[in-house]
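Below you'll find the structure, written out as structure tokens, and then a few comments.
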Amino acid sequence: MNVKRYFAKTAREALRALKEELGADAIVLSNRAVEGGVEILALPADGVAALQAPARPAPAAPAAIPPRVREVLPEEHSFGDEADDFRVSLSAAARRPVPGAPAAPATIRPFDPPRVELPRSRTGGSPYAPLPATRRPEVQPAQASMGAAESRQPLVVEAVPAPAPTAGPGEARMEALEAANSQLMAELVGIRGLLERQLAGFAWGETRRQAPTQAQVLGEMLEAGFSATLARELAAEIPEEAPPADARTAVKNALNRRLPARATDADIIDRGGVYALVGPTGVGKTTTTAKLAARCVVRHGAEKLALITTDGYRIGAHEQLKIYGRILGVPVFTVRDAADLRQTLAELKGKHMVLIDTVGMSQRDKLVAEQAAMLMGAGGVRRLLLLNATCRGDTLDDVIRAYDGPDLAGCIFTKVDEAASLAPVVDAAVRRRLEIFYVANGQRVPEDLHLPNRPYLVHRSLREAAADSPHRLAADEAGLILAGAGLGA
């Protein structure tokens with residue numbers, strides 16, 4: 001490619017030299033200001049074919065070449081009316097395609113992009129901090145052809161606030177999949193429960209076929225109110241092929257061995273100490289406190305006993321215990337907080353026995369933990385939990401769980417005379433391994449407080465329901481109870 005270079009102090013002198021040598025149809029490739037003057041690169045009119053790239057196939061449509069090209073000079077090189085002398089046009093020969101050669105592509109000019117100055121951040125940060133979005137500046141052809149010496153105005157790039165993020169299709173699809181998975185898991189859990197119950201029914205039917213006596217006694221224990229856990233343990237004590245009478249005897253013996261009942265009150269009355277009677281509301285704590293006080297007075301005298309009450313909620317609670325104290329000749333003290341309790345116990349250090357009547361509250365009340373902390377903080381206080389024999393087994397489990405602790409000495413059964421069956425309360429004491437100290441079966445003081453009688457408790461626990469009782473179980477209902485407890489037969 002025959003490219004000519006022309007250098008002069010001014011653009012007019014360089015163009016004049018170009019026209020004299022190459023003619024008016026010459027092709028100007030570039031012009032720029034260099035050190036000492038202006039440089040122009042030009043090509044003769046017949047050199048258009050040399051611009052073609054032989055290795056690249058010809059485009060589908062040749063690029064149109066403008067008939068006349070005006071070179072825009074910098075402002076300092078404008079020549080007024082004489083600008084027409086420096087207008088260069090392509091000749092007809094240059095526009096005519098060369099036979100056998102592909103069409104010439106558009107001329108590619110070197111591009112010198114303008115400098116973009118970013119404004120400083122309003123917060124005083126670096127001017128080169130990334131912006132959320134920028135508007136692309138429009139560059140005019142005149143600006144692209146300016147020389148390096150030309151002064152340029154800085155372009156201000158306006159910041160466009162980024163749009164708020166929106167949930168894309170991928171996130172929506174993930175949420176839909178999670179919802180579908182949750183629904184699927186719920187359905188699988190339901191199906192699993194149905195299968196377990198069905199299998200438990202099959203297993204129960206097989207147990208009734210292979211060991212009918214064991215299945216019969218197991219159903220009787222579930223009717224009485226025993227939990228499925230303890231009923232299965234007791235039924236496992238039945239010998240194979242034992243008749244019903246021997247099977248019931250084996251169950252009674254197994255329950256008697258597991259029953260943690262004391263046969264003497266030497267541990268409480270004779271040993272002495274500080275005991276606090278705790279339990280839910282209405283379980284009979286004040287009456288039971290008076291019964292224990294009467295037994296201690298009969299054995300050791302009134303001067304060896306003191307009564308303390310912390311019940312400041314019930315109307316007349318203090319007066320009720322003070323009436324018992326006057327009858328027994330025992331002093332009664334009232335305390336309101338932990339500091340008062342510690343001071344009172346320090347003053348009663350010489351007493352053989354101190355009984356504390358506490359405030360009754362629900363097992364779901366948060367104050368149960370505060371009450372236990374107050375009694376433990378007083379030092380040397382042991383708690384006796386009163387269990388209502390008329391409650392269901394799951395209710396008794398909640399009570400024991402709420403009042404459990406290292407200072408829990410044992411339990412006392414109350415309202416035994418009102419319960420149709422003692423199976424729930426005996427079952428709870430056996431499974432929780434709570435020692436039974438006394439059994440209360442009435443309101444009389446002190447007659448209705450007894451030591452636990454094992455044969456009596458076992459008999460009342462395993463007593464069959466009446467034939468017309470609506471709580472008797474049908475043939476397959478025992479298997480459903482076992483399946484519902486998650487303990488298939």
Side-chain angles (χ1 to χ4, degrees), residues 196-261 387-397 400 413 415-434 436 439 441 452-489:
E196 288 180 350
R197 290 179 178 271
Q198 194 74 11
L199 293 176
F202 294 154
W204 174 251
E206 186 66 18
T207 301
R208 291 184 58 196
R209 186 181 65 83
Q210 295 183 355
T213 302
Q214 183 179 2
Q216 179 182 355
V217 175
L218 184 60
E220 294 175 357
M221 286 188 289
L222 294 176
E223 287 178 359
F226 283 95
S227 65
T229 302
L230 185 59
R232 291 184 63 200
E233 293 180 2
L234 297 178
E237 301 287 339
I238 301 176
E240 295 182 2
E241 301 180 357
D246 295 344
R248 295 186 181 94
T249 301
V251 169
K252 289 181 181 179
N253 294 335
L255 181 60
N256 188 31
R257 290 193 301 268
R258 286 173 170 80
L259 192 64
L387 297 178
N388 189 346
T390 62
C391 289
R392 286 167 46 100
D394 49 0
T395 302
L396 294 172
D397 282 339
I400 297 174
F413 291 169
K415 302 185 179 182
V416 173
D417 56 321
E418 301 177 11
S421 174
L422 298 183
V425 67
V426 170
D427 178 272
V430 171
R431 286 187 295 103
R432 298 285 182 171
R433 298 181 181 179
L434 279 179
I436 307 170
V439 174
N441 60 349
N453 189 327
R454 289 174 177 270
Y456 173 77
L457 294 177
V458 171
H459 170 72
R460 287 287 308 274
S461 300
L462 296 174
R463 187 170 61 182
E464 293 187 42
D468 58 348
S469 174
H471 297 282
R472 290 185 67 92
L473 299 178
D476 295 333
E477 290 175 349
L480 296 177
I481 295 177
L482 293 172
L487 302 168

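The first residue in the sequence is number 1, and the count goes up from there.
The shortest heavy-atom contact between A261 and R454 is O-NH2, 3.0 Å. In terms of heavy-atom proximity, A231 sits nearest to L222 at CB-CD2, 4.1 Å. Minimum heavy-atom separation, A224 to P424: O-CD, 4.2 Å. Heavy atoms only, all atoms of each residue included: A235 and Q214 are closest at O-NE2, 3.4 Å. Across all non-hydrogen atoms, the minimal contact from V426 to S461 is CG2-OG, 3.3 Å. Taking each heavy atom of A419 and A389 in turn, the nearest pair found is CB-O, 3.4 Å.
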I400/L387 under side-chain contact (heavy atoms from CB on, under 4.5 Å): CA gap, chis, key distance, verdict: CA-CA 8 Å; I400 297 174; L387 297 178; 4.1 Å; yes

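Proximity of a side-chain donor or acceptor of R433 to a complementary backbone N or O of P260 within less than 3.5 Å is not detected. For R431 (side chain) and L230 (main-chain N/O), no donor-acceptor pair under 3.5 Å exists by modelled atom type. A distance-only check finds no donor-acceptor pair linking the side chain of T390 to the backbone of E418 [under 3.5 Å].
Within the model, atoms CD of Q216 and CZ of R248 stand 5.5 Å from one another, a figure rounded to the nearest 0.5 Å. L234 contributes atom CG, which lies 5.5 Å from atom CG of L255 (distance to the nearest 0.5 angstrom). One finds the CZ atom of R258 at 11.0 Å from the CG atom of N253 (value rounded to the nearest 0.5 Å). The CG atom of L259 sits 10.0 Å away from the CG atom of N453 when rounded to the nearest 0.5 Å. Put simply, OG on S421 and CG on D427 are 10.0 Å apart, with the number rounded to the nearest 0.5 Å. Going from atom CG of L422 over to atom CZ of F413 covers 7.5 Å, rounded to the nearest 0.5 Å.
Between M221 and L462, the closest side-chain pair of non-hydrogen atoms falls below 4.5 Å. Looking only at side-chain heavy atoms (C-beta outward), Y456 and V416 come within less than 4.5 Å of each other. A heavy-atom distance below 4.5 Å is found between the side chains of L457 and P452.
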